[in-house]
Amino acid sequence: MTDEEILKLAETCEFDRHHSKITLTTYWECDEIDLLKFAQEIRKQTIDEILTTLEEVPNPEANRTAINRIKGI
């Protein structure tokens with residue numbers, strides 16, 4: 001996932017985005033349920049990405065290579 005996709009997901013998981021006038025930075029705030037929802041969705045999307053990648057690989061050795069490439073993300 002790109003940084004942009006992660007931030008969009010945070011918005012859809014009910015995270016609140018705040019802008020600090022003191023430090024001129026952006027920070028996010030959420031409750032426990034929203035944090036768990038966000039983490040579970042990241043996990044789901046990562047697994048979907050891995051499975052999609054592995055479906056395109058024709059042999060076991062190549063699957064191991066694909067898995068190693070995904071771990072590098």
Side-chain angles (χ1 to χ4, degrees):
M1 294 180 75
T2 65
D3 290 349
E4 189 174 287
E5 291 169 329
I6 292 169
L7 294 175
K8 178 104 174 132
L9 180 61
E11 289 176 358
T12 64
C13 288
E14 313 276 333
F15 283 37
D16 297 318
R17 185 179 203 161
H18 302 281
H19 301 284
S20 171
K21 293 179 181 177
I22 297 169
T23 61
L24 302 176
T25 59
T26 300
Y27 64 96
W28 294 81
E29 186 175 52
C30 67
D31 61 27
E32 186 175 295
I33 292 170
D34 295 334
L35 178 61
L36 292 171
K37 180 179 166 185
F38 177 76
Q40 289 167 351
E41 185 60 28
I42 292 282
R43 181 178 184 274
K44 179 190 173 302
Q45 288 189 25
T46 300
I47 290 170
D48 289 347
E49 212 175 293
I50 291 167
L51 292 175
T52 299
T53 301
L54 292 178
E55 285 174 358
E56 298 169 359
V57 179
N59 64 56
E61 183 59 35
N63 284 353
R64 280 191 284 283
T65 301
I67 290 168
N68 289 335
R69 188 172 63 212
I70 291 167
K71 284 181 179 178
I73 292 177

Within this structure, what is the [atom1]-[atom2] distance for the pair [X] and [Y], rounded to the nearest 0.5 Å?
X     : Y     : atom1 : atom2 : answer
Glu11 : Lys8  : CD    : NZ    : 6.0 Å
Met1  : Leu7  : CE    : CG    : 9.5 Å
Lys44 : Ile47 : NZ    : CD1   : 9.0 Å
Glu5  : Asp3  : CD    : CG    : 9.5 Å
Tyr27 : His19 : OH    : NE2   : 10.0 Å

Evaluate side chain to side chain donor-acceptor pair (under 3.5 Å) for Gln45 paired with Glu41, printing each intermediate quantity in order. CA-CA 6 Å; Gln45 288 189 25; Glu41 185 60 28; 2.9 Å; yes
More than 12 non-hydrogen atoms from neighbouring residues, nucleotides or ligands closer than 6.0 Å to CD1 on Ile33, yes or no?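 No, CD1 of Ile33 has 12 or fewer neighbouring heavy atoms, counting only those of other groups under 6.0 Å.
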Among Ile42, Leu36, Asp34, find the residue that satisfies the side-chain contact (heavy atoms from CB on, under 4.5 Å) test when tested with Phe38.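 Considering Ile42, Leu36, Asp34, a side-chain contact (heavy atoms from CB on, under 4.5 Å) with Phe38 is found only for Ile42.
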